[in-house]
Chemist: 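Handing you a structure now.
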Amino acid sequence: MKTEIMGVRFDNVTMSEALSFAADIIENDVPAYCVTPNSEIVYQAMHDADFCQLLNDASLVLPDGAGVLLGAKILKKPLKEKVAGIDFAANLLGILEKKGKTLYLLGSKPGIAELAAEKMHEKHPALKIVGMADGYYQDEAPVIERINAVKPDVLFVCLGAPKQERFMKAHLDELKVRFMIGLGGSLDGFAGTVKRAPKWMIRLQLEWLYRLIKEPKRFKRMLCLPKFVWATLIKRMKGSK
Ligand code: UDP
């Protein structure tokens, strides 16, 4: 079931529902892509109709972040739970390993995908990673060619928004991939080059604060979070008049 939050139509699912949806998709021959918008991305979509459409055209739209959940609550359309892209991807690795499905990693700076693959293999030794490419290419054609040469079941697209959403939508039919997931900086997370917040901060919905402390240069970008929350408050007040 879809729940519309400031124009973005989220799938109101739990982590395990999202995973079983993904498990079905990768058995299918119909190519699909998944997006994982946080409040910053929704705020971007509120001001860019084309980008909003790219998000809404995805087969699976997962709420990545406490801000989206808070906004949903303010709008009286509560979502079941946060399904962070990196957690969804980490859980999916176990499914891919068990089913013998193949994975390709695209994005981040040179060397990061290799490091991420190493870390993934530590936890999932039988996981089949069939290729990797960094996200700083000049020309897309050879990237597509290399992916199509190995026809992975799943492609992690970690190019940041909106580049990754544009990539997935533009090449959905051309790519010989069953399921693509836009995952922002997740490969940096898997590689360990960008640390995630401690569990207690994640539990208290304070992951944004940890990121802000670790990467103060994100401050301007992160102002989208209060702006998004403010916009939901205004919408609620207007709606209840
Ligand atoms: N990136 C990339 N190619 C580009 C621009 C960015 O591969 O042309 C990568 C970048 O190295 C980083 C990710 O995309 O790993 C974006 O991370 P960010 O933290 O902005 O995304 P978030 O997780 O906040 O969505």
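Computation of the quantities below employed the complete heavy-atom set of this structure, encompassing side-chain atoms and omitting hydrogens, waters and symmetry-equivalent molecules.
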Chemist: Quick check: does any side chain N or O of N148 sit under 3.5 Å from a backbone N or O of E174, one acting as donor and the other as acceptor?
Modeler: yes

Chemist: CZ of R221 to CD of Q44: how many Å apart, nearest 0.5 Å?
Modeler: 8.0 Å

Chemist: To the nearest 0.5 Å, what is the distance between CG on L62 and CZ on F21?
Modeler: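 Going from the CG atom of L62 to the CZ atom of F21 covers 9.5 Å.
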
Chemist: Answer yes or no: is there a side-chain heavy-atom contact under 4.5 Å between L54 and V35?
Modeler: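 Heavy-atom side-chain distance check fails, nothing below 4.5 Å.
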
Chemist: Could you tell me if the side chain of Y43 sits less than 4.5 Å from the side chain of L223, heavy atoms only?
Modeler: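 No, side chains not in contact.
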
Chemist: Any salt bridge between E27 and K99, counting N to O under 4.0 Å?
Modeler: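 Yes, E27 and K99 are salt-bridged.
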
Chemist: Could you check whether D50 pairs with R166 (Lys NZ or Arg NE/NH1/NH2 to Asp/Glu carboxylate O, under 4.0 Å)?
Modeler: no

Chemist: Cation-pi check for Y137 against K163: NZ or CZ below 6.0 Å from the six-membered ring centre and within 45 degrees of the axis, yes or no?
Modeler: yes

Chemist: How far does CD1 of I41 sit from CD of E165, to the nearest 0.5 angstrom?
Modeler: 5.5 Å

Chemist: So which atom in S59 and which in A32 form the shortest heavy-atom distance, rounded to 0.1 Å?
Modeler: OG-CB, 3.3 Å

Chemist: Flag the pair M222 / F219 as yes when at least one side-chain heavy-atom distance between them is below 4.5 Å, and no otherwise.
Modeler: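 Contact flag for M222/F219 side chains = no.
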
Chemist: Does some side-chain heavy atom of V194 sit less than 4.5 Å from a side-chain heavy atom of E215?
Modeler: yes

Chemist: Is there side-chain contact between K235 and L75, with heavy atoms separated by less than 4.5 Å?
Modeler: yes

Chemist: Look at E207 together with K82 and state whether they make a salt bridge at an N to O cut-off of under 4.0 Å.
Modeler: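 Yes, E207 and K82 are salt-bridged.
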
Chemist: Atom CG in L183, atom CG in D188: separation rounded to 0.5 Å?
Modeler: 11.5 Å

Chemist: Are side-chain heavy atoms of I74 and L70 found at a separation under 4.5 Å?
Modeler: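 I74 reaches L70 side chain to side chain.
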
Chemist: Could you grab the distance from atom NZ of K123 to atom CZ of F190, nearest 0.5 Å is fine?
Modeler: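 Answer for the NZ-CZ pair, K123 versus F190, is 9.0 Å.
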
Chemist: At their closest point, which heavy atom of N12 faces which heavy atom of K80, and how far apart are they?
Modeler: OD1-N, 2.6 Å

Chemist: Are any of the side-chain heavy atoms of M120 and L187 separated by less than 4.5 Å?
Modeler: yes

Chemist: Okay, side chain of T36, backbone of G182: is any donor-acceptor separation there less than 3.5 Å?
Modeler: yes

Chemist: If you round to the nearest 0.5 Å, how far is CZ of R218 from CD1 of I213?
Modeler: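 Reported value, rounded in 0.5 Å steps: 13.5 Å.
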
Chemist: Which class fits the ring pair F88 and F179: parallel under 30°, tilted 30 to 60°, perpendicular over 60°?
Modeler: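 It falls in the perpendicular class, over 60°.
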
Chemist: Looking at D29 and R178, does any basic side-chain N land under 4.0 Å from a carboxylate oxygen?
Modeler: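 Salt bridge present between D29 and R178.
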
